[in-house]
Amino acid sequence: HLVTAVVDPVTRVHCVHNILSGDEMFRTTARSITRRGLAILPQPALLSGKDLKREAILRRRVNIAERTYEAYKVVLASPQFHKLGTPVQILRQYKDRRKTLTARDAVAAFYALGRRLRLPPGVKRCPIESDETLLELEADLMAGVPKLRSRDLCNVLVAAGYMQYRGQLLPTVCKQAERKIPQFAYRDLAYSIYALGRLNFREQALLAALITRATSVTKELRAVELSIIAEGLAGLRIAPGALIRNICETADTKIDQFGALELPTLLASFASLDWHDHKLLTSAAEHLPSLLTDMNPRGLCEMSVAFSAARLWLPPTLEALGSEAATKADMFSGAQAVAMLGAFAQLRWDQDEASKALGRQLRMQASRLRLPELAVALRALSRLPLACAPETLSVLITCISESQMPELHQLNETKTLLTLALLCNSLRHLHICPPQSLLRLLQASRIDEKPAPASRVERRAIVQLVDAQAHWAPSLCAIGLAHAGSVEALAGKVTEPPIAEAACSSGQRDGDKAMPF
C-alpha cells in the first residue's frame, strides 16, 4: 500500500490517506466540509423578552423616521420648474411651494415661465402681468435681488425679455446687475444685451457698462455670443461704433466657427442697423456653401437681405441662395417669401427656379399677409418678371382690396405713410387700377394739403402719393369707384410688367433708400 500526506483544501490539515481507497477519502472530505459550514452559520442572539420588546419599539421608530425623511425630502427638494409644460402649471406649483422656496428657486420659476411664454419682440404688454401669483413671484424676486448671483440676474433679464415683462422688477434687477458687471461670464454678458434688445429697454447705466465690457472682451467671445450681442443691439436700435467694429473684425477672424444659425443672425442684425462691412460679407459668402443645406428659410432670408441691403453683387452667392430657396420653397411662410423676393428684387436678381417657386408660395400664402407685406410683394413682382404671374397678381390685388386700410389719423405715422407710398408706386408700375378702398383713402386724406414734414423720407412719400392721386384722377371719372375694386377688372388690366428702370416714376427711383425691403 502506498501512503501519502495531503492537505485538506477546507480545513488545511495534513491528512494521511491511502491512495488506493478513493471512496473513503471522498467521504471524509465531504464530512469535513459539512461540519465547517454548519459551524459558521449565524446564530440568533439569546435575548430576553424585555430586550425583544425594546428592539420592536426601536424598529418602529426607525420606520417612522424613514417615512418622515422621505416626505420632507420631497418638500425640501428644489422644484423642477423647467419640466412643467404650461405657465399655469408653473404658477400653480410656485404658489403651492412658495413658503419653502429660496430666492434662486424664484429665479428658476421666473425663467421657466419666460421660456414657456416666449412672446415675440414688440409685444406691448405681458398677457399674464396682472396674475396674482406672478405678482407674488415678482415681490419675492425683488426681495431677494441682493442675494442673487450674476447668472441669476442674467436669467431674470432673459426671462423678462422672453415674456415682454416690464414691471417694477426690471429697474431693480438692472441696478443690481450694473454693480456685478465685472463678475458676468461671457455668456451672461451676451444674453443681458440680448434681453434688453428684446424688451427695447434702454437702461442707460447698465447698457453703458455692458457695452464697455463687451468692447473690451470681444476678441475672446465665441461665434454664438457675437451673434447674440449683434441681435441685442439691433433690438435696441443702437450702433456703438467701437463694439460693432470689434465684432466685425473678430467675426471675420472666426468665420469658420459660425453655423447656419449664427451667421445669418449676425449679418441681418448689422443690416437692420444699416452697418455693412464688405470684408465680413465677402468672408461670409465664401463660407456660405458649407452652411446652405443646414439653413432654414429664415436663415436664407436673412442672408439675402444682408447682401441686398449692402448692395453687394455676388452672382455665385446669389445663385446658391436662389437654388436653395427654390428647393425649400414649400417651407417658406408668406412673410419669408416676401422678404426673399424683396431682397432679390433690390439686386434685380431674377433667377428662373427661385422666382417661380417663391412666386407660387407667395400666391398660396397671400391671404395671411398684412398690408405692408402685400405692398413689398407688389414692389418685388414689379422688378422680377419671372415671378410676376397674372394669377399671383390677381390674388395679391384681391388680398389688398380685402385688407383693412389705415385710418386717416394714422397717416401722420411715418411707417403708414411709407407703406401707402410703396403700394401706390407698385400699382402704378404694374399698370393696375387700385382697389376702391385705397382710392377712397387717398381722396379723404387730402395728402396734397398737408404741410411739408421735416423728414426727407416723409416728404418723398407725400410726393409719391400726390403723384399717384393725380395719375388716377381721370380713371376715377371714367370707370367709377364701384368698378375700380372689381377683381375681374383688375385681372383684365394686368399687363406684362416692364423693366423696373424704364417704368419708375419720377420719385420712385429716389425712394429706394427711403423704403428698403
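In this chain, numbering begins with 1 at the start of the sequence shown.
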**Q** Would you please test Gln365 and Ser333 for side-chain hydrogen bond (donor to acceptor under 3.5 Å, both in side chains) and show each step?
**A** CA-CA 7 Å; Gln365 300 284 340; Ser333 67; over 6 Å; no
**Q** Between Ser269 and Glu231, is the side-chain hydrogen bond (donor to acceptor under 3.5 Å, both in side chains) condition met? List the steps.
**A** CA-CA 5 Å; Ser269 300; Glu231 190 173 2; 5.6 Å; no
**Q** For the pair Val156 and Val145, evaluate side-chain contact (heavy atoms from CB on, under 4.5 Å) and give the outcome as yes or no after the intermediate values.
**A** CA-CA 10 Å; Val156 173; Val145 160; over 6 Å; no
**Q** What's the separation between atom CD1 in Ile90 and atom CG in Leu117, rounded to the nearest 0.5 Å?
**A**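 Ile90 atom CD1 to Leu117 atom CG measures 8.0 Å (nearest 0.5 Å).
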**Q** Decide yes or no on side-chain contact (heavy atoms from CB on, under 4.5 Å) for Met405 and Ile400, but give the supporting numbers first.
**A** CA-CA 9 Å; Met405 291 293 166; Ile400 291 174; 4.0 Å; yes
**Q** Evaluate the side-chain proximity of Ser308 to Trp349: yes if any heavy-atom separation is below 4.5 Å, no if none is.
**A**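 No, side chains not in contact.
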**Q** Taking NZ, NE, NH1 and NH2 as the nitrogens, is one of them in Glu302 or Arg298 under 4.0 Å from a carboxylate oxygen of the other?
**A**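 A salt bridge is present here (some side-chain N lies under 4.0 Å from a carboxylate O).
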**Q** Side-chain contact test, heavy atoms from C-beta onward, threshold under 4.5 Å: evaluate it for Leu374 versus Ser403 and give yes or no.
**A**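 Yes, at least one pair of side-chain atoms sits under 4.5 Å.
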**Q** Which atom pair, heavy atoms only, marks the closest approach of Leu170 to Ala160?
**A**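 Answer, listing the atom of Leu170 first, then Ala160: CD1-CB, 4.1 Å.
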**Q** Please check if the number of heavy atoms outside Lys254 that lie under 6.0 Å from its NZ is greater than 12.
**A**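 For Lys254, atom NZ is crowded (more than 12 foreign heavy atoms under 6.0 Å).
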**Q** Can you name the closest pair of heavy atoms from Ala387 and Asp350 and give their distance?
**A**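 Of all heavy-atom pairs spanning Ala387 and Asp350, the closest is N-OD1, 4.2 Å.
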**Q** Working to the nearest 0.5 Å, report the span between CD1 of Ile255 and CD of Glu286.
**A**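 Ile255 CD1 to Glu286 CD: 9.0 Å, rounded to 0.5 Å.
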**Q** Treating Lys328 as the side-chain partner and Thr293 as the backbone partner, does any N or O pair qualify as donor plus acceptor under 3.5 Å?
**A**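 A pair under 3.5 Å: yes.
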**Q** Looking only at heavy atoms, which two atoms of Leu386 and Lys356 are closest? And how far apart?
**A**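 Where Leu386 meets Lys356 most closely, the heavy atoms are O-CG, 3.7 Å.
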**Q** With rounding to the nearest 0.5 Å, note down the distance linking CG in Leu288 to CZ in Phe307.
**A**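 Going from CG on Leu288 over to CZ on Phe307, the span is 6.0 Å.
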**Q** The test is side-chain hydrogen bond (donor to acceptor under 3.5 Å, both in side chains); show your working for Arg179 and Gln176 and say whether it passes.
**A** CA-CA 5 Å; Arg179 301 190 186 102; Gln176 182 67 12; 2.7 Å; yes
**Q** Say whether, by atom type as modelled, one donor and one acceptor occur between the side chain of Arg213 and the main chain of Phe184 under 3.5 angstrom.
**A**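 It does hold such a pair.
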**Q** Between Leu153 and Val107, is there a side-chain heavy-atom distance shorter than 4.5 Å?
**A**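 They are not in contact (no side-chain heavy atoms under 4.5 Å apart), so the answer is no.
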**Q** Determine all donor-acceptor pairs shorter than 3.5 Å in which one atom belongs to a side chain in residues 131-142; sequence neighbours excluded.
**A**
{"residue": "Asp131", "atom": "OD2", "partner": "Thr133", "partner atom": "N", "Å": "3.0"}
{"residue": "Asp131", "atom": "OD2", "partner": "Leu134", "partner atom": "N", "Å": "3.2"}
{"residue": "Glu136", "atom": "OE1", "partner": "Arg98", "partner atom": "NH1", "Å": "3.4"}
{"residue": "Glu138", "atom": "OE1", "partner": "Tyr165", "partner atom": "OH", "Å": "2.8"}
{"residue": "Glu138", "atom": "OE2", "partner": "Gln168", "partner atom": "N", "Å": "3.1"}
{"residue": "Glu138", "atom": "OE2", "partner": "Leu169", "partner atom": "N", "Å": "3.0"}
{"residue": "Asp140", "atom": "OD1", "partner": "Arg98", "partner atom": "NH2", "Å": "3.0"}
{"residue": "Asp140", "atom": "OD2", "partner": "Tyr94", "partner atom": "OH", "Å": "2.4"}
{"residue": "Asp140", "atom": "OD2", "partner": "Arg98", "partner atom": "NE", "Å": "2.9"}

**Q** Are side-chain heavy atoms of Tyr186 and Arg222 found at a separation under 4.5 Å?
**A**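 Heavy-atom side-chain distance check fails, nothing below 4.5 Å.
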**Q** Heavy atoms, side chains only, cut-off 4.5 Å: are Leu393 and Leu378 in contact?
**A**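 Leu393 reaches Leu378 side chain to side chain.
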**Q** When you measure from the side chain of Gln164 to the backbone N and O of Arg198, does any donor-acceptor pair fall under 3.5 Å?
**A**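 Yes, Gln164 side chain to Arg198 backbone: donor-acceptor pair under 3.5 Å.
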**Q** For the OG1 atom of Thr265 and the CZ atom of Phe270, what is their distance to the nearest 0.5 Å?
**A**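 That separation rounds to 11.5 Å.
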**Q** If you measure from CG on Leu281 to CE on Met303, what distance do you get to the nearest 0.5 Å?
**A**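 Between Leu281 CG and Met303 CE, I get 8.0 Å after rounding to 0.5 Å.
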**Q** Is a donor on one side and an acceptor on the other found under 3.5 Å between the side chain of Gln410 and the backbone of Glu407?
**A**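 Pair found, side chain donor or acceptor close to backbone of Glu407.
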**Q** Tell me the closest heavy-atom pair linking Ser323 and Gln351, and the distance in Å.
**A**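 So the minimum-distance heavy-atom pair works out to OG-NE2, 3.3 Å.
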**Q** Does the Thr416 side chain pair with the main chain of Asn412, one donor and one acceptor, at a distance under 3.5 Å?
**A**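 A pair under 3.5 Å: no.
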**Q** Does the pair Ile244 and Leu273 meet the rule for a side-chain contact (heavy atoms from CB on, under 4.5 Å), with working shown?
**A** CA-CA 10 Å; Ile244 294 185; Leu273 293 172; 4.1 Å; yes
**Q** Check the pair Ser426 / Arg379 against side-chain hydrogen bond (donor to acceptor under 3.5 Å, both in side chains), numbers first and verdict last.
**A** CA-CA 5 Å; Ser426 302; Arg379 177 66 171 269; 5.1 Å; no
**Q** Please confirm whether the backbone N or O of Phe258 pairs with a side-chain atom of His287, one donor and one acceptor, at under 3.5 Å?
**A**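 Between the backbone of Phe258 and the side chain of His287 there is a qualifying donor-acceptor contact (under 3.5 Å).
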**Q** What are the two closest non-hydrogen atoms of Phe344 and Leu358, and how far apart are they?
**A**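 Closest heavy-atom pair between Phe344 and Leu358: CE1-CD1, 4.5 Å.
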**Q** Apply side-chain contact (heavy atoms from CB on, under 4.5 Å) to Thr282 and Asp252, showing your working.
**A** CA-CA 9 Å; Thr282 304; Asp252 185 40; over 6 Å; no
**Q** What is the minimum heavy-atom distance between Ala345 and Arg383, and which atoms define it?
**A**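 Shortest heavy-atom contact: O-CD, 3.5 Å.
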**Q** Side chains of Leu236 and Arg202, heavy atoms from C-beta outward: is any pair under 4.5 Å?
**A**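 SC-SC contact between Leu236 and Arg202 confirmed.
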**Q** For the pair Arg368 (side chain) and Gly334 (backbone), establish whether a donor and an acceptor sit closer than 3.5 Å, ignoring hydrogens and angles.
**A**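 Checking the backbone N and O of Gly334 against the side chain of Arg368, no donor-acceptor pair under 3.5 Å is found.
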**Q** Quick one: does Leu396's side chain get under 4.5 Å of Leu362's, heavy atoms only?
**A**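 Yes, side chains in contact.
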**Q** What's the spacing between Ile193 CD1 and Leu207 CG if we round to 0.5 Å?
**A**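 So the gap between those two atoms works out to 7.5 Å.
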**Q** Between Arg115 (side chain) and His82 (backbone), is there a donor-acceptor pair under 3.5 Å?
**A**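 The answer is no, because no donor-acceptor pair under 3.5 Å joins these two groups.
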**Q** With no hydrogens and no angle check, is any side-chain donor or acceptor of Thr392 less than 3.5 Å from a backbone partner on Cys388?
**A**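 A pair under 3.5 Å: no.
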**Q** Look at the side chain of Lys415 and the backbone N and O of Pro372, then say whether any donor-acceptor pair between them is shorter than 3.5 Å.
**A**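 No: the side chain of Lys415 does not pair with the backbone of Pro372.
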**Q** Check the surroundings of atom CE in Met364: do more than 12 heavy atoms from other residues, nucleotides or ligands lie under 6.0 Å from it?
**A**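 No - once you tally the heavy atoms of other residues, nucleotides and ligands closer than 6.0 Å, there are 12 at most.
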**Q** For residues Leu408 and Ser445, determine if any side-chain heavy atom of one lies less than 4.5 Å from a side-chain heavy atom of the other.
**A**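 A side-chain contact exists here, since the closest heavy-atom pair is under 4.5 Å.
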